[in-house]
Amino acid sequence: MSDLKKKLSLLKVERRIKSLKGIKDVHFLTDKPKEIDWYAGELNPIDSPIPCLYEFSVSHTAQELSRPIQSLVGNSSQFILVLWEFSPVYVLFQMESLDEFLPSYSTEFSTRDLTLFFQDQEKVLDLHLAEDKVEVRVLENKAKNR
């Protein structure tokens, strides 16, 4: 990927992330951060190999989705969001409010597709908007060699 494409992708993502609510301490990377090196699967949510854990009707609002998602997130607040414009941009941030974040994310990005990596554990949460439902997937690295 050319440096120009990476910079253009980064600028587009930075502009859109500034509109999100419920997050702070935001940092941007164009190279895969070491915290998610454990994940060798496909990062593009369209080709996600992670089995579906929960399904919700698309009629659920982002606010209603935040409750069950909060139970999956637990006390974690440090995340890495992977965004695809021209090339992947990794957004490292601290979650202040999932209730504020989810509605602003679905407004800014016009989607409920979301891939959140936990910074403090080898775990990923993936939301995917299917035809009539929102699919929630969670994958934890059980084979840690640490």
**Message:** The criterion is side-chain hydrogen bond (donor to acceptor under 3.5 Å, both in side chains); which residues satisfy it with Ser57, sequence neighbours excluded?
**Reply:** Ser59
Taking the side chain as everything from C-beta on, heavy atoms only, tell me whether [X] gets closer than 4.5 Å to [Y].
{"X": "Leu114", "Y": "Asp126", "value": "no"}
{"X": "Ile23", "Y": "Ile17", "value": "yes"}
{"X": "Val91", "Y": "Leu83", "value": "yes"}
{"X": "Pro68", "Y": "Val136", "value": "no"}
{"X": "Leu20", "Y": "Glu108", "value": "yes"}

**Item:** Derivation and outcome, side-chain contact (heavy atoms from CB on, under 4.5 Å), residues Ile69 and Leu102
**Value:** CA-CA 10 Å; Ile69 292 170; Leu102 283 177; 3.9 Å; yes
Could you grab the distance from atom [atom1] of [X] to atom [atom2] of [Y], nearest 0.5 Å is fine?
{"X": "Glu35", "Y": "Gln121", "atom1": "CD", "atom2": "CD", "result": "13.0 Å"}
{"X": "Asp99", "Y": "Gln70", "atom1": "CG", "atom2": "CD", "result": "7.5 Å"}
{"X": "Leu125", "Y": "Leu116", "atom1": "CG", "atom2": "CG", "result": "5.5 Å"}
{"X": "Asp25", "Y": "Ser77", "atom1": "CG", "atom2": "OG", "result": "9.5 Å"}
{"X": "Asp37", "Y": "Glu122", "atom1": "CG", "atom2": "CD", "result": "9.5 Å"}
{"X": "Ile80", "Y": "Leu92", "atom1": "CD1", "atom2": "CG", "result": "4.5 Å"}

Are the aromatic ring centres of [X] and [Y] under 6.0 angstrom apart?
{"X": "Phe117", "Y": "Tyr39", "answer": "yes"}
{"X": "Phe101", "Y": "Phe93", "answer": "yes"}
{"X": "Phe28", "Y": "Tyr90", "answer": "no"}

**Asked** Who pairs with Glu135 by salt bridge (charged side-chain N to carboxylate O under 4.0 Å, His left out), at least two apart in sequence or on another chain?
**Response** Arg137
**Item:** Side-chain donor or acceptor of Ser104 paired with backbone N/O of Glu100 under 3.5 Å
**Value:** yes
**Asked** Should Lys6 and Asp31 count as an ion pair when the cut-off is N to O under 4.0 Å?
**Response** yes
**Request:** Please report the C-alpha distance between Asp120 and Ser76 in whole Å, then the side-chain angles of each, then the deciding distance to 0.1 Å, and finally whether the side-chain contact (heavy atoms from CB on, under 4.5 Å) criterion is met.
**Result:** CA-CA 7 Å; Asp120 60 345; Ser76 292; 3.5 Å; yes
**Asked** Would Met95 and Val26 show up in the same hydrophobic cluster when neighbours are defined by side-chain heavy atoms closer than 4.5 Å?
**Response** yes
**Item:** Joint hydrophobic cluster, Val124 plus Leu29, side-chain heavy atoms closer than 4.5 Å
**Value:** yes
**Request:** Please identify each residue that fulfils ring-ring contact (aromatic ring centres under 6.0 Å, His included) with Phe109, with sequence neighbours left out.
**Result:** Tyr105
**Message:** Tell me the closest heavy-atom pair linking Ser9 and Val89, and the distance in Å.
**Reply:** OG-CG2, 3.5 Å
